[in-house]
Amino acid sequence: MSNPHILWADDEIDLLKPHLMFLRSRGYDVTTATDGHDVLELIEQQPFDLIILDENMPGLTGLETLSRIKLRMPHTPVVMITKSEEENIMNQAIGQKIADYLIKPVNPNQILIALKRLLHSDRLVSEQASRDYREDFMQISSLINTASTIDDWYALYDKLVYRELELADTETNMDEMLALQKDEANMEFGKWIRRNYERWMPEPAAGSGAPLMSPRIFPDRVFPLLDKGEKVFFILIDNFRLDQWRSIRPMLADQFVIDEEIYTSILPTATQYARNAIFSGLMPRQIEKMFPDLWVDEDSEEGKNINESPLIATQIERFRRKYRFSYHKINDSAAGEKLLRDFNSLMINDLNVIVLNFVDMLSHARTESRMIRELASTNAAYRSLTESWFRHSSAIELFRRIASTGAKIILTTDHGTIRVDNPVKVVGDKNTNTNLRYKVGKNLAYNSRQVYEIKRPDAFGLPAPNVSSAYIFALGRDFFAYPNNYNYYVQYYTGTFQHGGISMEEMLVPLIMLSAK
């Protein structure tokens, strides 16, 4: 790999020989110039990795030279050095996307630090992230083997997500090693859920030893705020994982104080069950029994989340609250823009519930669209699309508007999603549901060692379409495939993002409190 090539322009360049010798001793090739015209000639003759530019040169000033450099080489970083501390000059330089701005006199180490930051930061960050993960490797392995409480799993998953984001842009194989550790963690998490999930059922009520789960979100997190007289916006992004939250967090950090926790989604980790449990404060079996007109069966052609607003109303009434609330579901940009136009009218409510469906639509589109598959081929790419949506959608403006009112925001999801790649054969009759991560039916045939099975749905807070109905859940990165047309089915769904089963990504999901600064 060739040495970085630097162009340094200063009308007193002879006085900078010690600086030049220092940089050359550190492996930099340095070409010099004494005025702006020389700089423009030199950049036409050869490429430079970075340009150091004195602001106060005869003929063309540093700022004039900078503007012409940017026309010809817009992506080459330029460091400006000046004797002047005038704010106007700084503003102009920064406005022209200067890479750094130093005030004379500068010492060689100041220059070296600027070069390392601008030319080598990716490599240095990559190396440090790899070193940090190597040091963490044994601790993560120990946590995987010793995790015995839900808090242990929260801490482990938090650490895995942190390391995944740190390694995502590095050019090492450490991310592959981390992926293997995550697979191992999911395998152990699946075993732990099999041993413990039944203890929390049929209703994960307060005091039952269960973690915070879907039906307790409103009683334990929303109602206490409302009882204090706070205005609350409850925003649910469907299919929203912890790593996706972390990717958009920086866009909210300047306006909000952020209080972050993780909660546990009920099974199945699917909208019909987990989201309806949040909005009703009930397990699915209770919804079916208490409000049969609001429960939609698996074999129904109706949408599985069409009764969310009535379910919220039943929960508020059941807890003997008299909160005024609104409910909005945002499925496209037009609905988002309309909500912004009508925003002021929301402030008459104690509670505003808003469901943002983009991430869920992205997940399904990725399965069905070859183009989206290419755009979201990895977890990192999937996060990137989520970040891009949030940055350019009406959602970010919605958060800004809420911040300006001082209202509290609870941001969460009903479940996460996982990228699947391991088919598991299952046989079911024509009434078996179509979800790839869980199945419910009365004539299911499967290898019981490969799944988590629930043969008494009522004891787990789940409805039973038939007397002999059973539920089975996929573990890790498995997905269910039928023997009929097996090869086509496997090829089509391998590498897609699915939900409904048991994994940290699906069950351990973010619950965020945002308070305006």
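Annotation: the span from Asn276 atom CG to Leu282 atom CG amounts to 10.5 Å, rounded to 0.5 Å. Here Met507 contributes atom CE and Ser503 contributes atom OG; the two are 8.5 Å apart, rounded to the nearest 0.5 Å. Within the model, atoms CZ of Arg221 and CZ of Arg216 stand 10.0 Å from one another, a figure rounded to the nearest 0.5 Å. The distance from the NZ atom of Lys408 to the CD atom of Glu230 is 5.0 Å, given to the nearest 0.5 Å. Once rounded to the nearest 0.5 Å, the distance linking CG of Asp350 with CG of Leu226 reads 6.5 Å. How far CD of Gln255 is from CE of Met251: 12.0 Å, rounded to the nearest 0.5 Å.
Here Glu397 pairs with Arg400, Arg401 under the salt bridge (charged side-chain N to carboxylate O under 4.0 Å, His left out) rule; sequence neighbours left out. Legend: residues meeting side chain to side chain donor-acceptor pair (under 3.5 Å) with Tyr452, ordered by chain and number and at least two apart, are absent. For the side-chain contact (heavy atoms from CB on, under 4.5 Å) test, residues two or more places apart in sequence or in another chain that qualify with Tyr162 are Glu166.
Between Tyr446 and Glu453, the side chains place a donor N or O and an acceptor N or O closer than 3.5 Å (distance only, hydrogens not considered). For the 3.5 Å distance criterion, the side chains of Gln498 and Thr417 fail to qualify, holding no donor opposite an acceptor. Using modelled atom types and a 3.5 Å distance limit, the side chains of Gln315 and Arg318 yield no donor-acceptor pair. Looking at Tyr133 and Gln128, their side chains never bring a donor and an acceptor atom within 3.5 Å of each other.
Residue pairs meeting the salt bridge (charged side-chain N to carboxylate O under 4.0 Å, His left out) criterion with at least one member in residues 457-471, sequence neighbours excluded: Arg285-Asp458. Applying the salt bridge (charged side-chain N to carboxylate O under 4.0 Å, His left out) test to pairs two or more places apart or on separate chains, those with a residue in residues 469-487 are Asp183-Arg477, Asp421-Arg477.
Note on ring orientation: taking the six-membered ring where Trp is involved, the planes of Phe279 and Tyr327 are perpendicular (angle over 60°, cut-offs 30° and 60°). Relative orientation of the Trp153 and Trp192 rings is tilted, given thresholds of 30° and 60° on the angle between their planes.
Remark: Lys425 is positioned above the aromatic ring of Tyr486, its terminal NZ or CZ atom under 6.0 angstrom from the ring centre and at most 45 degrees off the axis.
Here the closest heavy-atom approach between residue Gly190 and residue Leu475 is recorded as CA-CD2, 4.1 Å. Nearest heavy atoms, Tyr438 versus Ala270: CE2-CB, 3.9 Å. Listed here is the closest heavy atom pair of Val490 and Ala481: CG2-CB, 4.3 Å. Considering all non-hydrogen atoms of both residues, Arg163 and Leu178 come closest at C-CD2, 3.6 Å. Of all heavy-atom pairs spanning Glu387 and Ile248, the tightest one is CA-CG2, 4.1 Å. Shown here for Arg437 and Gly476, the closest heavy-atom pair between the two residues is NH1-O, 2.9 Å.
In this structure, Glu164 does not pair ionically with Lys159, as no charged nitrogen and carboxylate oxygen lie closer than 4.0 Å. The pair Glu505-Lys182 counts as a salt bridge, with a side-chain nitrogen and a carboxylate oxygen less than 4.0 angstrom apart.
For the pair Gln286 (side chain) and Met283 (backbone), a donor-acceptor distance under 3.5 Å is present. In terms of modelled atom types and a separation under 3.5 Å, the side chain of Lys231 and the main chain of Asn349 share a donor-acceptor contact. Here the side chain of Lys228 pairs no donor or acceptor atom with the backbone of Pro224 at under 3.5 angstrom. In this structure, the side chain of Ser265 engages the main chain of Asp414 through a donor-acceptor pair within 3.5 Å. Put simply, the side chain of Asp342 never gets that close to the backbone of Leu339: no donor and acceptor are under 3.5 Å apart. When atom types are taken as modelled, the side chain of Thr146 and the backbone of Ser142 share a donor-acceptor pair closer than 3.5 angstrom. No donor-acceptor pair under 3.5 Å is formed between the side chain of Arg246 and the backbone N or O of Arg241. Judged purely by atom type and a 3.5 angstrom limit, Asp152 has no side-chain atom pairing as donor or acceptor with the backbone of Ala147. When atom types are taken as modelled, the side chain of Asp429 and the backbone of Gly441 share no donor-acceptor pair closer than 3.5 angstrom. A distance-only check finds no donor-acceptor pair linking the side chain of Thr494 to the backbone of Gln491 [under 3.5 Å].
The shortest distance between side-chain heavy atoms of Pro483 and Val427 falls below 4.5 Å. Between Met213 and Trp200 there is a side-chain heavy-atom pair separated by less than 4.5 Å. At least one side-chain heavy atom of Glu260 sits under 4.5 Å from a side-chain heavy atom of Leu242. Using a 4.5 Å heavy-atom cutoff, the side chains of Ser280 and Asn307 are not in contact. Using a 4.5 Å cut-off on side-chain heavy atoms (C-beta onward), Val355 and His328 make no contact. Annotation: side chain of Ile410 is not in contact with side chain of Phe233 (no heavy-atom distance under 4.5 Å). By the 4.5 Å heavy-atom criterion applied to side chains, Phe479 and Asn422 are not counted as neighbours. You'll find the side chain of Phe234 stays beyond 4.5 Å of the side chain of Ile409, heavy atoms only.
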Exercise for review: Carefully, step by step, assess Trp245 and Leu252 under the rule side chain to side chain contact (heavy atoms under 4.5 Å, CB included).
Suggested key: CA-CA 10 Å; Trp245 152 245; Leu252 298 172; 3.9 Å; yes
Practice item. Dump the intermediate steps for side chain to side chain contact (heavy atoms under 4.5 Å, CB included) on Asp158 and Leu156, then the final yes or no. Key: CA-CA 5 Å; Asp158 182 88; Leu156 173 58; over 6 Å; no
**Study point:** Audit row: Gln244, Asn239, side-chain hydrogen bond (donor to acceptor under 3.5 Å, both in side chains) steps and yes/no
**Key:** CA-CA 10 Å; Gln244 291 170 303; Asn239 238 4; over 6 Å; no
Check your understanding: Please walk me through it: do Phe399 and Leu514 pass side chain to side chain contact (heavy atoms under 4.5 Å, CB included)?
Key -> CA-CA 9 Å; Phe399 280 80; Leu514 299 169; 3.6 Å; yes
Check your understanding: Under the side chain to side chain contact (heavy atoms under 4.5 Å, CB included) criterion, do Arg419 and Thr378 qualify, and how do the steps go?
Key -> CA-CA 8 Å; Arg419 190 172 184 270; Thr378 64; 5.6 Å; no
Please table the atom pairs, donor to acceptor, closer than 3.5 Å between any side-chain atom in residues 459-469 and protein atoms at least two apart or in another chain.
unit_1: Ser469; atom_1: OG; unit_2: Asn466; atom_2: N; d: 2.8
unit_1: Ser469; atom_1: OG; unit_2: Asn466; atom_2: O; d: 3.2

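Not less than 6.0 angstrom separates the ring centroid of Tyr263 from the ring centroid of Tyr154. Taking the six-membered ring for Trp and the full ring otherwise, the centers of Phe473 and Tyr197 sit at least 6.0 Å from each other.
No more than 12 heavy atoms of other residues, nucleotides or ligands sit less than 6.0 Å from atom NZ of Lys322.
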